[in-house]
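Step one of this worksheet: look at the structure below.
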Amino acid sequence: MRTAMLKNILSELKASSADIDASAITTTDGLVLASQLPLCVDSRFATLLSLGVQSAQSAARGSLEQVLIKSKEGLIMLSHASADTVLAVLAKPHAQLDHIGVKVKHAAENVAHILATHAHRH
Amino acid sequence: MQLNTSDKNLSTFCTISGLCAEGQSILASLAPALEEHLPEVTDTFYTLLQADAQTAPYLVGRIDALKQTHLAWMRDIIGGVYDAAFIARQEKIGEVHVKVHVPPHFVAASMSLLRAELPLLVERVEPDPDRAGHAIKSLMQVLDLCHYLIDRKYSETLMDNLGISPALLTRLQTLR
Ligand code: HEM
């Protein structure tokens with residue numbers, strides 16, 4: 001039930017922008033809760049976000065909002081959906097960051113809401 | 001090894017390592033005779049640490065204190081009591097080493113030296129080759145246990161500082 005709801009959020013996110021290729025929700029421990037294929041998700045995403053949090057703190061940049069990885073073939077956008085969940089989004093290399101950013105933020109809020117209202121034991 | 005622990009990884013370590021009560025008690029019975037020779041080992045150890053360009057800077061201004069710490073630690077490992085407090089003392093070393101930036105290869109090198117030096121000491125104080133053999137076997141197993149505990153805590157502390165939980169670390173270690 002919860003997984004289906006999370007998957008639904010990811011499908012809506014993909015439908016909201018042609019620039020979004022794939023997405024996934026994992027815990028900060030690297031456990032995959034839901035993914036919208038094709039996306040090879042693994043614990044490295046959670047690691048990058050953790051390192052982002054620590055880096056932002058140690059560089060006095062306040063609390064982390066997003067980790068953005070830009071490479072030739074595309075973008076990886078990592079953000080917290082809740083304190084212990086990660087929303088990872090893969091987008092096209094020339095995606096409009098502002099537009100995607102808004103959609104991702106909205107999706108993250110929905111994920112947080114579902115996780116808060118549908119407790120689940122992994 | 002006889003250890004009452006709910007720590008699954010440590011249990012596995014102890015089961016496979018095979019440190020047994022008999023070996024532990026032979027080692028402990030030799031402790032008083034071994035103790036008087038331990039300062040020689042500490043002196044050899046610190047002479048080597050002072051001679052190496054990587055380790056020497058860590059000793060500046062605290063060599064006497066570190067020697068005392070090292071001596072106390074060696075007395076502890078031959079003491080024959082390997083309980084929860086003993087485990088916690090080894091773990092504390094890993095934690096402190098992260099704080100003072102002592103990397104794992106320093107500990108690995110030190111342990112290697114001890115694995116070479118301490119058996120010779122045991123042979124000096126125990127003329128019976130059978131008892132000496134048992135004591136050496138136990139001593140090596142205790143050193144390995146300490147090495148594992150120090151390194152494990154070092155890695156956990158480092159990962160914790162990076163915000164990487166034990167569960168995430170396990171997933172990273174088993175990435176395919
Ligand atoms: C078998 C290897 C080693 C063992 C068992 C060991 C053990 C210890 C212990 C028991 C402490 C005190 C922890 C506490 O405060 O509770 C300590 C701290 C320390 N160790 Fe090691 N150590 C080892 C190797 C090394 C090496 C090779 C170096 C450096 C070259 C080193 C440098 C230090 C330093 C700088 C401290 C902090 C001392 C302070 O608080 O001022 N250790 N170690």
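These values consider heavy atoms only, across backbone and side chains, with no hydrogens, waters or symmetry-generated copies. Lettering of chains follows the sequences in order, A, B, ..., and the numbering in each one begins at 1. Everything numeric here is computed off the predicted structure, so don't read it as measured data.
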Hydrophobic clusters here meaning ILVMFWY residues chained together by side-chain heavy-atom distances under 4.5 Å, can you tell me if [X] and [Y] are in one?
| X | Y | result |
| --- | --- | --- |
| B:L114 | B:V102 | no |
| A:V111 | A:M5 | yes |
| B:F106 | B:I150 | no |
| B:V96 | B:M74 | no |

Around [X], counting heavy atoms of other residues, nucleotides and ligands shown, do more than 12 lie under 6.0 Å from its [atom1]?
| X | atom1 | answer |
| --- | --- | --- |
| B:E117 | CD | yes |
| A:H94 | NE2 | no |
| B:K67 | NZ | yes |
| A:H106 | NE2 | no |
| A:K92 | NZ | yes |
| B:D128 | CG | yes |

Within residues 47-67 of chain A, contacts to chain B at heavy-atom distances under 4.5 Å involve A:T47, A:S50, A:L51, A:Q54
Name the member of B:T170, B:L172, B:L168 that forms the most heavy-atom pairs with chain A at distances under 4.5 Å.
-> B:L168
Gap between atom CZ of B:R171 and atom CG of A:D29 - 0.5 Å precision = 6.0 Å
Please list, in residue-number order, every residue in residues 153-164 of chain B that has a heavy atom less than 4.5 Å from any heavy atom of chain A; write 'none' if there are none.
-> B:N161, B:L162, B:G163, B:I164
